[in-house]
Novice: 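The structure follows.
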Amino acid sequence: MLEKTYDPSSFEHKLYEFWMERGYFTPKAEVGKPYFSIVSPPPNITGQLHIGHGLDNAIMDTIVRFKRMQGFNTLWLPGTDHASIATEVKIVEQLKKEGIDKHDLGREGFLQRAWQWKEKYGGRIVEQLKKLASSCDWSRLAFTMDDKCSEAVRKQFVSMYKKGLIYRGNRIINWCPVCRTALSDAEVEYAEQDGCFWHYGYTTPDGKTTVTFATTRPETMLGDTAVAVNPNDSRYTHLVGKTVIVPFVNREIPVIADEYVDMEFGTGVVKITPAHDPNDFEVGVRHNLPVIRVMNDDGTMNENAGEFAGLDRYEARKRIVARLKEMGILQKVEPHKHNVGSCYRCHTTVEPIVSRQWFVKMQPLAEPAIQAVRNGEITFHPERFAKTYFNWMENIKDWCISRQLWWGHRIPVWYCDDCCAEICEEHDPDVCPKCGGSHLHQDEDVLDTWFSSALWPFSTLGYYRDSDDFKAFFPTSVLSCGYDIIFFWVARMIFSSLYATGQVPFRHVLMHGIVRDEQGRKMSKSLGNGVDPVEFIDKYGADTLRFALINGVANGSDIRFAPDKIDGTRNFMNKVWNCGRFVLMNAEGKQLVPLSECKLSLADKWILTKLNSVIGEVTELLEKYELGMAAQTLSDFVWSEFCDWYIEFTKPVLYGTDEIARRDALSVLCYVLDNILKLLHPFAPCLTEEIYQAMPSHGESIMVERFPEQHDELRFDDDASLVEELKELVTKVRNVRSTYNVAPSKRIRLYVVPYDERIRSCGVYLAKLCNLEETVFAPAPSDEKTVKAVGVAAACEVPLGDLVDFAKEAERVAKELENVESEIARAEAKLSNQGFLSKAPAQLVDNERAKLAKFRELQAQLQARLDELK
RNA sequence: GGAGGCAUAGCUCAGUCGGUUAGAGCGCUCGCUUCACAUGCGAGAGGUCGUAGGUUCGAGUCCUACUGUCUCUACCA
């Protein structure tokens, strides 16, 4: 028997242990069997569980449990990510607190610390994920730096290198002076900042002409190697080919003409710093300009900066401006808002710097990746995210994959100190294959963490090891993640998988939004507005967390995680618990029979019909990955139909004396509850299992039961429609009671004049739900003062004696009449429209006619009543 | 600069293929310690679906423009 109060903490953990012991999460790799597979986005080992993981896992677990119950061989593979830069930043911080610089430890020592970190925090996040009741297969737990994944990284790199898709080159990259590493374009965040425009100019050697320009980064002038104008700009044509002098470094640089310069903008002159600006770099390549770096890796000025060498970049900027002013060169300073890029890990302003790095050539990889989505091999949910994807893929630039870090997959390239050969093989070389020399050293850099994440769907399944897992579960069925990592991850998995395996990594991409606070703000540490899922689960339970994140939420839209929504969800869980208690308390010790042996009552037929259609709707919605609507459909059914009406319908029988009727009612109650629990299990796994285990005839576990299917033999449309009429009537009678303040406890007499004769069979329900002491199927005697409640099935009269206020009643009836008349007008207009009659589906026209007839009948009733009252 | 989202009840949001009287939760009003649940029950009030056009027999839903708002993306020195 269930406890009186719903206390999730008393059973959630126990049930999770039970499922794990039984091995329900661990499928066998059976090649050729219908399967369903998800490979989890691996959380960073830096972190702890946050609400976004909660959402991600709630979605995946719901789908996975549904598919498992449908009989698919279902795998959900979890893992963690080494998160190269993020983790290294954290460890460096930790070391700093101990007063240690990472270089003091050396590479080996540092990596040792990193692996310790991984053991500690990687384990912690796994334990936290388990609290969500996620049914993932922990026996297959993967890590982006485990042997399998490292092997995949190595093979992919070598293969791409040999095909010329990975190359090393001097390019402008985004440099973080604090992390002291290159970053990919995707790792830079832009934000508008207040800055300045400094206007000044360079003068020709003869001192006669000055070309004026504006810049936001004056310190880069020390690396200027040209001044550019537009070739069509008549103001400057006479200067092209002349030279000007850069102050401080006294470099003589040419004035060049290049289409890149916008004549309309500013003075139409641009100073060109090929080493520190992506566009300038391109100009430099076209004009063969020298590339002069003026900054060190830590953001200080280098030896090329002359008198400013050694200064921090911002200090240098200040000094340069001051000096320019002093020298009378500075003409104007304007405030200027511009977008400044910063490191996505440490938020330092990044510096575009020319640097020798490793890149992936994207053009040839992007092409098939675009095709796979265009031709429907991969579907985005919602579809609009495909547009975002195309937008990025079609304008993609080469991907900078080398990072000047230690924690990560080291670039598998060796250089021969003797002959300068570059060696990239699957196995570490001992000697140089070119010169036979043994003086080799490995590239110092590691790979972008997303390089290994990109291989995740197939590396974890053991693609490179010819594994059964890969054969049984690939391509994976669904990828679920937030829309914020489409570029970082989704896109890169698609082209990486197509390249390596020739197959898409997944069939469906299910995108969800960001969880925000009550006011719609992002949850963040600095705002302190985050909800800690672990604390939340301790208080409300995993089921409530999951359901609150899923119920009623449309795919791809952000979620406001507000307290009243949480309360509502908790209340629903409590409701389910209590309706379970109600059924089980009544069923305890009673003999139940299969539905086929029951004499079904009207109410039974109605709820079974409703159940049947809910099964259809929920299944269809889940198959379309519309989890939010599926959950809502289900909770509406449970609360508004099963609890509010059906349970009330059964009470007269359960508390009655007819043993057979009681047995049958209980059998139906249990049947419907059993189905509800199964339908609800993917969303609220613990609650449903706990109730299920208390059911009279339960199996081993609800999670290995079959998901309910529709049964047309349990559909009784006519009876169901009668019950809908009954419900309407009950509501109207209650309305009268409420309007006239008839105490709910007072039992009254009701006169009923049926329009639908079948309503005569509903006396017992009417009596219970309207609290009647007597139901008379006849009009009220003329001397009795009554108030009428008119429905489709009948006109009821509630005797109220002196309570009847004729003016009030007339008002009430008039209002109802008004509604009905506006409906009649609407229906008449529709039916007199020739276009509607000839073009609309016949069914629709018939419906409209039937409606009109009903409304006219109602109108007559109400009119008569109104006349009577006047 | 480019792309996309959103605009529906006081608030937060659903609304699938264009087709019942546009829904829910919260809030609000009135009533109820009814033997599963006051984390509850019953009855209500509350919407010209951002604006203007268009397509259609029929538009919250499709098209065009506009207004407001948010996000992504690129980047002008």
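Because only heavy atoms are used, hydrogens play no part in the values below, and waters and symmetry mates are left out as well, while side chains stay in.
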Novice: Provide, to the nearest angstrom, the distance between the CH2 atom belonging to A:W392 and the C1' atom belonging to B:C72.
Specialist: 13 Å
Novice: Please list, for nucleotides 40-42 of chain B, all pairs of protein and nucleotide N/O atoms separated by less than 3.5 Å.
Specialist:
residue : atom : partner : partner atom : Å
B:G40   : OP1  : A:N571  : ND2          : 2.9
B:G40   : O3'  : A:K575  : NZ           : 3.1
B:C41   : OP1  : A:K575  : NZ           : 2.7
B:C41   : OP1  : A:W639  : NE1          : 2.8
B:C41   : OP1  : A:D644  : OD1          : 3.4
B:G42   : O3'  : A:R734  : NH1          : 3.3

Novice: Under the ring-ring contact (aromatic ring centres under 6.0 Å, His included) rule, collect the residues that match up with A:W577, sequence neighbours excluded.
Specialist: A:Y6, A:F11
Novice: Could you work out, with side-chain hydrogen bond (donor to acceptor under 3.5 Å, both in side chains) as the rule, every residue matching A:N771, not counting sequence neighbours?
Specialist: none
Novice: Between the side chains of A:H338 and A:E192, does any donor sit under 3.5 Å from an acceptor?
Specialist: no
Novice: Think A:K4 has a side-chain N or O under 4.0 angstrom from the OP1 or OP2 of B:C37?
Specialist: yes
Novice: If you find the nucleotide of RNA chain B closest to A:F582 and the one closest to A:D262, which residue's nucleotide is nearer the 5' end?
Specialist: A:F582
Novice: In whole Å, measure the gap between the P atoms of B:U48 and B:A9 for me.
Specialist: 9 Å
Novice: Name the nucleic acid region contacted by A:K815, choosing base, sugar-phosphate or nothing; use a 4.0 angstrom heavy-atom cut-off, strictly under.
Specialist: sugar-phosphate
Novice: Is there a side-chain polar atom (N or O) of A:S557 under 4.0 Å from OP1 or OP2 of B:A14?
Specialist: yes
Novice: Rounding to a whole Å, what distance do you find between A:Y202:OH and B:A77:C1'?
Specialist: 12 Å
Novice: Please classify the nucleic acid contact of A:F265 as base, sugar-phosphate, or nothing, using heavy-atom distances under 4.0 Å.
Specialist: base
Novice: Taking atom types as modelled and ignoring hydrogens, do the side chains of A:D258 and A:H287 form a donor-acceptor contact shorter than 3.5 angstrom?
Specialist: yes
Novice: So what does A:I647 touch, heavy atoms closer than 4.0 Å: a base, only the sugar-phosphate, or nothing?
Specialist: base
Novice: Is there side-chain contact between A:V845 and A:R849, with heavy atoms separated by less than 4.5 Å?
Specialist: yes
Novice: By a strict heavy-atom criterion of less than 4.0 Å, which residues belonging to residues 844-858 of chain A are in contact with RNA chain B?
Specialist: A:L844, A:K851, A:F855
Novice: Verify the contact: side-chain N or O of A:K651 to OP1 or OP2 of B:A36, cut-off strictly under 4.0 Å; return yes or no.
Specialist: yes
Novice: Say we look at B:U16 and B:C75: how far apart would their P atoms be, to the nearest angstrom?
Specialist: 38 Å
Novice: Look at A:R581 and B:C37 and indicate whether a side-chain polar atom (N or O) is within less than 4.0 Å of OP1 or OP2.
Specialist: no
Novice: Could you pull out every donor-acceptor pair under 3.5 Å between side chains of residues 638-650 of chain A and any protein atom, sequence neighbours left out?
Specialist:
residue : atom : partner : partner atom : Å
A:S640  : OG   : A:D636  : O            : 3.4
A:E641  : OE1  : A:K727  : NZ           : 2.9
A:Y646  : OH   : A:D604  : OD1          : 2.5
A:E648  : OE2  : A:K651  : NZ           : 3.0
A:T650  : OG1  : A:I647  : O            : 2.7

Novice: Would B:C17 be called syn or anti, given that syn covers angles within 90° of 0?
Specialist: syn
Novice: Check whether the side chain of A:K624 and the base of B:U16 form a donor-acceptor pair under 3.5 Å.
Specialist: yes
Novice: Using the P atom as the reference point in each nucleotide, state the distance between B:G53 and B:G60 in Å, no decimals.
Specialist: 15 Å
Novice: Taking salt bridge (Lys or Arg N to Asp or Glu O under 4.0 Å) as the cut-off, I'd like each qualifying pair that reaches into residues 267-278 of chain A, sequence neighbours left out, listed once.
Specialist: A:R217-A:D277, A:D224-A:K271
Novice: For the pair made of CG in A:D185 and P in B:A74, what is the distance, rounded to whole Å?
Specialist: 7 Å
Novice: Whole Å only: how far is the CD1 atom of A:I566 from the C1' atom of B:C13?
Specialist: 16 Å
Novice: Is it true that A:K854 and A:E823 have a side-chain N and a carboxylate O under 4.0 angstrom from each other?
Specialist: no
Novice: Across the strands shown, which category fits A:P278 at heavy-atom distances under 4.0 angstrom: base, sugar-phosphate, nothing?
Specialist: nothing
Novice: Using the C1' atom as the reference point in each nucleotide, state the distance between B:C57 and B:G15 in Å, no decimals.
Specialist: 23 Å
Novice: If you look at every strand shown and take non-hydrogen atoms under 4.0 Å, does A:D564 touch a base, only sugar-phosphate, or nothing?
Specialist: sugar-phosphate
Novice: Contact class for A:A562 (heavy atom, under 4.0 Å): base, sugar-phosphate, or nothing?
Specialist: nothing
Novice: Between A:Y344 and A:E189, is there a side-chain donor-acceptor contact under 3.5 Å, judged purely by atom types and distance?
Specialist: no
Novice: For A:L837 and for A:T215, find the nucleotide of RNA chain B with the closest heavy atom, then tell me which residue's nucleotide is more 5'.
Specialist: A:L837
Novice: Does A:K539 NZ have over 12 foreign heavy atoms under 6.0 Å away?
Specialist: no
Novice: For atom C1', what is the distance between B:G58 and B:U20, given to the nearest Å?
Specialist: 13 Å
Novice: How is the base pairing of RNA chain B summarised as a dot-bracket string, given the Watson-Crick and G-U wobble criteria with both distances under 3.5 Å, [ ] for crossing and | for another strand?
Specialist: (((((((..((((.....[...)))).(((((.......))))).....(((((..]....))))))))))))....
Novice: Applying side-chain hydrogen bond (donor to acceptor under 3.5 Å, both in side chains), name anything that partners A:S613, two or more places apart in sequence or on another chain.
Specialist: none
Novice: Send over the distance from A:Y200 OH to B:A77 C1', rounded to a whole Å.
Specialist: 11 Å
Novice: May I have the distance from A:N339 (atom CG) to B:C75 (atom C1'), rounded to whole angstrom?
Specialist: 8 Å
Novice: For A:F385, answer base if it contacts any base atom (sugar-phosphate contacts may also be present), sugar-phosphate if it contacts only those atoms, and nothing otherwise; contact means non-hydrogen atoms under 4.0 Å.
Specialist: nothing
Novice: Ignoring hydrogens and geometry beyond distance, is a side-chain donor-acceptor pair present between A:D558 and A:Y483 at under 3.5 Å?
Specialist: yes
Novice: Check every strand shown and say whether A:Q632 touches a base, only sugar-phosphate, or nothing at a heavy-atom separation below 4.0 Å.
Specialist: sugar-phosphate
Novice: Between A:F487 and A:Y389, is the ring centroid distance below 6.0 Å?
Specialist: no
Novice: For A:E383, check side-chain hydrogen bond (donor to acceptor under 3.5 Å, both in side chains) against everything at least two apart and list the hits.
Specialist: none
Novice: Write out a two-atom table: protein N or O, nucleotide N or O from nucleotides 2-5 of chain B, distance below 3.5 Å.
Specialist:
none

Novice: B:A77 P sits how many Å from A:K337 NZ, rounded?
Specialist: 15 Å
Novice: With sequence neighbours excluded, give me every ring pair (Phe, Tyr, Trp, His ring centres under 6.0 Å) pair touching residues 548-571 of chain A.
Specialist: A:F536-A:F561
Novice: Between atom NZ in A:K839 and atom P in B:G18, what is the gap in whole Å?
Specialist: 17 Å
Novice: Pick base, sugar-phosphate or nothing for A:M573, based on heavy-atom distances below 4.0 Å to the nucleic acid.
Specialist: nothing
Novice: Enumerate the residue pairs fulfilling side chain to side chain donor-acceptor pair (under 3.5 Å) with a member in residues 616-633 of chain A, sequence neighbours excluded, ordered by first and then second residue.
Specialist: A:Q70-A:E623
Novice: Look at all strands and tell whether A:Y483 reaches a base, only sugar-phosphate, or nothing, counting heavy atoms closer than 4.0 Å.
Specialist: nothing
Novice: Do A:T212 and A:Q331 have side-chain N/O donor and acceptor atoms under 3.5 Å apart?
Specialist: yes
Novice: Any base atoms under 4.0 Å from A:E648, or only sugar-phosphate, or nothing? Heavy atoms, all strands.
Specialist: base
Novice: Under 4.0 Å between a side-chain N or O of A:N735 and OP1 or OP2 of B:G44?
Specialist: yes
